[in-house]
Structure formats: C-alpha cells, structure tokens
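Everything on this sheet refers to the single structure shown next.
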Amino acid sequence: MDYKRILQIKYLEKTYGRGKSSFTAIDEMSFDVLDSEFFAIMGTSGSGKTTLLNMLAGVTKATNGEIIFDGKDINSFSRKELENYRGNLVTYIFQDFKLIDNISSLENVLIPFKIHSKKWDMNKIYRLARRMDIFELLNKYPKDLSGGQKQKVAALRAIAIEPKIILADEPTGALDSKSSIDLLKILKDINKVENTTIIMVTHDSYAASFADRIMFIKDGKLINELMIGDNENQKDYYNRINKANK
Ligand code: ADP
Ligand code: MG
C-alpha cells in the first residue's frame, strides 16, 4: 500500500442552523485518508456519517475546518475546480442508487462523462460491465432491474469515469445479503486493481470487514479506529469489528 495521503481532514465542523436551535453534526474531526486505501466509516444512525461524506464530496459546505485534497482545501476551490472535483475526481454511490429511470443503464453510466465533457472508452465500459456481471443489463431501464442490479449499475457509473475517490453511503443498505456481497467484492476489486480510494459509510460490521481501516464515529466525533492485521483473515477481523461496534 501507498502511504501517501489523498485527503487530510483538519478540525472539520458542520453545524446546522444558528443560535439556540443550532446543532453540531460533525465536531472538530481530524483524520487522514490514504491514497488507494479502502476506508470505512461506522456509526449509528444520526452519528453524522452522511454529513461527513457530503462534505468530503464537496456538496455540503463545512462550517469550519479543512478538507485538503492534492495540497488544497476544497473549501477554497474555484467554481471550476469544484466542478471537476465533484463527479469527476470524486464520485458517489448512494444507498438508494439515484439512477434515472427513463433512460437505459448504459445512458446512466455515460451521464458523468457528458456532464464533464470527457471522452469515454466504450470497450473499457463493456469490460468493466462484464467483470461486474451486468453487461446484459446495459440496455435495460433501471425500473426493470432488481435492487442489487441497480446498485451494480450505480457502481459502474461511479467507477467508469476513473475517479481518484469513490464515496459510498450505506451502499448495501437496501440490498439482500447475496447482492451486498457481490457489491462489496466489486468495490474491493476496483480498489485492488485500479487503486481507487474507497470511502464507505456503513453500520454493518460485515460490510466494514471489506475495508483496510475503519473509523468509528459517535455524535460527530471520532471515537475509535481499527485496521486489518497483516495476516488476519476477514472472519477474525469481522469479529473484532463486531465487538468494537457494540
Ligand atoms: P447519519 O448519516 O450518521 O445517520 P446524518 O449525517 O444524516 O447522520 O445526521 C447527523 C445529525 O445531523 C442528525 O442528528 C441529523 O438529524 C442532523 N442533520 C442532518 N442533516 C440536517 C439538516 N439539513 N438540518 C439539520 N440537522 C440535520
Ligand atoms: Mg446517513
């Protein structure tokens, strides 16, 4: 693994609202994400996971603190830099897929390329789709797909543009266990083969056991961290995560 930092988060804070009714969802959080790592963020509902991910994605503005990408705080990006960061350098997989229903799966996958005026390599997209076992689905409409199939299409959309970082917010939350395992294996494969950094939010210990490192958060604060051991198998790692998660 490469120990270069891809993101440096410093004293990050997000407070919703003002005055008496204000609420601090992320409270002076500092951590690094390494280039090419599979990083998971765990925490119960309401702990601030989505707020944090949205700030990392550049879609929610931080109240205070820094998110340093490639030497520069994303909060000080120009409009152009931010456009390039969102959806090209950093892509997002959502729990509810967020596919457009009345265009084909392939057209969904091509949307980010069109938004960012980027050329696509159809052979590469076909190759990825075959590896993810969704080649036959490319001409189908999302409304005709199962949840697991939709999430694979959404994953292909996030992967195809070759981002530096893929953010995933409870990507297996709406899937059955077989589809969840399929998706987690796809993310792991992309992480290993393409060296794409993955930041995945989950409250599921099994999903987290696919990550190299796990950060636990509670009430918007970092409370614990776990890392897979050098020779540790996934089962033992899972048991440790499960224990830490209680
Ligand atoms: P998680 O994804 O871990 O469930 P969220 O980041 O969605 O947590 O929410 C963290 C906290 O911030 C929750 O208490 C939630 O109610 C609050 N929150 C989230 N979004 C907003 C918002 N737009 N306005 C006010 N409070 C919010
Ligand atoms: Mg959430």
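Just so it is clear, the values below take in all heavy atoms, side chains as well, and ignore hydrogens, waters and symmetry mates. Whatever order the structure lists ligands and atoms in, that order sets their numbers, starting from 1.
Around the Mg ion (ligand 2), the protein N, O or S atoms closer than 2.8 Å are Thr50 OG1, listed by chain and residue number.
Between Asp182 and Lys178 there is a salt bridge, since a side-chain N of the basic residue sits under 4.0 Å from a carboxylate O of the acidic one. A salt bridge links Lys188 to Asp212: at least one charged side-chain nitrogen sits closer than 4.0 Å to a carboxylate oxygen. With salt bridges taken as basic N to acidic carboxylate O contacts below 4.0 Å, none links Asp121 and Lys119.
Summarising the geometry of Leu82 relative to Gly58, their closest heavy-atom pair is CD1-O, 4.2 Å, with the distance given to 0.1 Å. Counting all heavy atoms, side chain and backbone alike, Lys218 lies closest to Ser47 at CA-CB, 4.1 Å. The two residues Met29 and Ile9 make their nearest non-hydrogen contact at O-CG2, 3.4 Å.
Note on residues 133-145: no pairs pass side chain to side chain donor-acceptor pair (under 3.5 Å), not counting sequence neighbours.
With sequence neighbours left out, Lys14 forms a side chain to side chain contact (heavy atoms under 4.5 Å, CB included) with Tyr16, Ile26, Thr51, Met55, Thr60, Thr63.
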Might you work through the side-chain hydrogen bond (donor to acceptor under 3.5 Å, both in side chains) test for Ser179 and Asp176, ending with a clear yes or no? CA-CA 5 Å; Ser179 302; Asp176 58 64; 3.1 Å; yes
What does the contact table look like for ligand 1 (nitrogen or oxygen on each side, cut-off under 3.5 Å)?
| from | atom 1 | to | atom 2 | distance (Å) |
| --- | --- | --- | --- | --- |
| ligand 1 | 2 (O) | Thr50 | N | 2.9 |
| ligand 1 | 2 (O) | Thr50 | OG1 | 2.8 |
| ligand 1 | 3 (O) | Ser47 | N | 3.2 |
| ligand 1 | 3 (O) | Ser47 | OG | 3.4 |
| ligand 1 | 3 (O) | Gly48 | N | 3.1 |
| ligand 1 | 3 (O) | Lys49 | N | 2.9 |
| ligand 1 | 3 (O) | Lys49 | NZ | 2.8 |
| ligand 1 | 4 (O) | Gly46 | N | 2.7 |
| ligand 1 | 6 (O) | Thr51 | N | 2.9 |
| ligand 1 | 6 (O) | Thr51 | OG1 | 2.6 |
| ligand 1 | 8 (O) | Gly48 | N | 3.2 |
| ligand 1 | 20 (N) | Tyr16 | OH | 3.4 |

